[in-house]
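Right, one structure below, let's go through it.
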Number of protein chains: 2
Amino acid sequence: MVLSNAKGSIPLYMQIKELLVARVTEGEWAPGDIIPSEMQLSRELNVSQGTVRKAITELVENNVLVRRQGRGTFVATHDVDRALFHFFHICNDSGTKTLPESKTLSCRKKRASRQEASKLNLSNGAQVVYIERTRNLDNTPTIIETIILPNSLFVDLGKRQVRNLPNTLYELYETQFGITIHRAEEQLRAVAATENDASLLSLEAGTPLLKIERIAYTLDGTPVELRISRCSTSRHYYQNTVL
Amino acid sequence: MVLSNAKGSIPLYMQIKELLVARVTEGEWAPGDIIPSEMQLSRELNVSQGTVRKAITELVENNVLVRRQGRGTFVATHDVDRALFHFFHICNDSGTKTLPESKTLSCRKKRASRQEASKLNLSNGAQVVYIERTRNLDNTPTIIETIILPNSLFVDLGKRQVRNLPNTLYELYETQFGITIHRAEEQLRAVAATENDASLLSLEAGTPLLKIERIAYTLDGTPVELRISRCSTSRHYYQNTVL
DNA sequence: TAGTTTAACTCTTATATAAGTCTTTAAATG
DNA sequence: CATTTAAAGACTTATATAAGAGTTAAACTA
């Protein structure tokens, strides 16, 4: 890639931003890696340190990179904190947020339904990994989750780890499959608990549940996970901050 | 206020940020006003334009100010777009978001309940304005809203506008009462429709509804509105983007 | 081993130049 | 002569570069 500072061209710092993103998405720099210093990059690209800095600043705001003063700049990773603060929104009534324990019920391969395929941008009838689990909050089963993944990206996940899945899946995606979740869209509705829901959460059928349908995307915009959660909100709620 | 650039002190640009925020919260600059140019401010404060610029940049990211190249920098206002994009999260099934029409059912003064008072940081039994309304989406009643405001901040709102309230309340707060909503916390649960809910939304009692409890804050962190919405999610959903 | 230095970073501030917007003014047009 | 058009100028924010200060962790020393 060649940078251009001609008259009508895109600003230098934006071109640098693209270039840095490319190096992350293409795996040249993996999550957790330190990237070259601002000075090194500025020399390599023949621009000033401040210009590199502006590009990096915006990527830090997008949660792509992380800066540590005196140490360097790193590619963001999916540690537990990030999972908890960015992607998990259920609090208990006293307002505290804890990562729930998970009990995997099943993990198998199947063909995607028409809807699932469309939401994950797959061709009709493509193979998907299908995971069902319940999650405990404050020692009571509170959430039922159905997770649907393109089998092409998560090869052998169905076979290998049948009921041995870790609690924080996004860390697994990143470390085992090189897939980093960058953003997600969530659609929330209120639904009635089915008989099955009711028995899993030990409450009565028809009880209102909060249904969260999440599609998670990588940095380059590919949808890679469809996750449907049904939560009992008798002692918990979904927390959202509007800025 | 005096700026300090001594050794252990807070960075200049942050001090400037505080100063600019103060001028907005204290009403020296009102929403919609243009603020002095970066050069004017830099001369007034004896720093360089770039330092003022960094302070302003962060305030633009916080939705406090708005920049327009070639024109100037303005205090952010609560236009319809902002209300829709930042504070309204209900979409219809095809994914489009429209501002609902509102029908005010009642608007009166009462004493805050213990819970209401605590959520709005009021003393026990303080006076509040209590508004009830239904909102239509795609020509069907979809949302029931209860809005609770401290009477001390919204004097005579109860009397004056009994059933003549505009659709976008946040614009009213800003223009009539000088109160700008800056951020909000929302808590979502699934609940069963009461008989009253059911008749207002013409569905059956017990139907699951999405209950949204929002507390809205001004720039200086004062809670100024408690809003409880109950939404039918048969044809609509709550949309949240996780970054 | 505890304290000190040092090198490699990022962070802050300053300055210069580019680019966008609006107003004024004067020429061109009917 | 009245009206439109276009160019010039005086603003504004946007981008790029440079220099020095603050932080951190590891190497070095007593």
Side-chain angles (χ1 to χ4, degrees), chain A residues 1-21 23-24 29 32-77, chain B residues 1-21 23-24 29 32-77:
Chain A
M1 180 171 181
V2 180
L3 302 183
S4 140
N5 200 7
K7 233 190 164 182
S9 63
I10 294 167
L12 272 177
Y13 78 92
M14 283 198 185
Q15 299 178 48
I16 292 169
K17 219 172 115 180
E18 292 301 312
L19 186 148
L20 298 180
V21 166
R23 292 196 183 171
V24 172
W29 299 332
D33 283 3
I34 190 170
I35 72 170
S37 75
E38 295 177 354
M39 278 310 271
Q40 275 177 279
L41 286 168
S42 74
R43 276 193 296 271
E44 178 196 337
L45 303 171
N46 272 304
V47 298
S48 78
Q49 174 259 353
T51 303
V52 172
R53 183 169 180 76
K54 174 142 187 172
I56 292 178
T57 298
E58 299 209 347
L59 292 174
V60 168
E61 282 161 7
N62 294 340
N63 299 311
V64 176
L65 301 176
V66 174
R67 277 210 262 244
R68 302 205 200 133
Q69 188 173 355
R71 297 196 47 195
T73 303
F74 302 80
V75 180
T77 62
Chain B
M1 180 168 182
V2 180
L3 301 182
S4 141
N5 201 7
K7 227 187 168 186
S9 62
I10 294 166
L12 271 178
Y13 79 94
M14 283 197 185
Q15 300 177 48
I16 292 169
K17 216 171 118 180
E18 293 299 313
L19 186 148
L20 299 180
V21 166
R23 292 195 182 172
V24 172
W29 299 331
D33 283 2
I34 190 170
I35 73 171
S37 74
E38 295 178 353
M39 278 310 265
Q40 276 176 279
L41 286 169
S42 73
R43 276 192 297 270
E44 180 197 338
L45 303 172
N46 272 304
V47 298
S48 80
Q49 177 253 1
T51 303
V52 170
R53 183 169 182 76
K54 174 140 187 173
I56 291 178
T57 298
E58 300 210 345
L59 292 174
V60 168
E61 282 163 6
N62 294 338
N63 299 310
V64 177
L65 300 176
V66 175
R67 277 210 260 245
R68 303 204 200 133
Q69 187 174 358
R71 298 199 44 200
T73 303
F74 302 80
V75 180
T77 62

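First the proteins, then the strands, lettered A, B, ... as listed; each starts at 1.
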(message) For a quick test of reading the model, state the closest non-hydrogen atom pair linking A/Pro36 to A/Trp29 and the distance between them.
(response) CD-CZ2, 3.4 Å
(message) Please find the pair of heavy atoms, one from A/Ala55 and one from A/Leu20, that lie closest to each other, and give the distance.
(response) CB-CD1, 4.4 Å
(message) Within the 3.5 Å criterion, strictly below it, is a donor on A/Thr57 or A/Arg67 matched to an acceptor on the partner's side chain?
(response) yes
(message) Walk along nucleotides 11-17 of chain C from 5' to 3' and tag each nucleotide B, S or - by protein heavy-atom contact under 4.0 Å, base first, then sugar-phosphate.
(response) BBSBBB-
(request) Quick one: list whatever passes salt bridge (charged side-chain N to carboxylate O under 4.0 Å, His left out) with A/Glu58, sequence neighbours left out. (result) A/Lys17
(request) Could you state the atom-to-atom distance from CG of A/Leu65 to P of C/dC9 in whole Å? (result) 16 Å
(message) For D/dT12 and B/Thr73 - does any side-chain N or O of the residue sit under 4.0 Å from the phosphate oxygens OP1/OP2?
(response) no
(request) Ignoring backbone atoms, establish whether B/Arg71 has a side-chain N or O less than 4.0 Å from OP1 or OP2 of C/dC22. (result) yes
(message) With rounding to the nearest 0.5 angstrom, report the OG to CD distance, B/Ser37 to B/Gln49.
(response) 9.0 Å
(request) Might you point out which heavy atoms bring A/Ile56 and A/Glu38 nearest each other, and give the distance in Å? (result) CD1-CG, 3.9 Å
(message) Whole angstroms only, please: what is the CE-P distance between B/Met39 and D/dA10?
(response) 15 Å
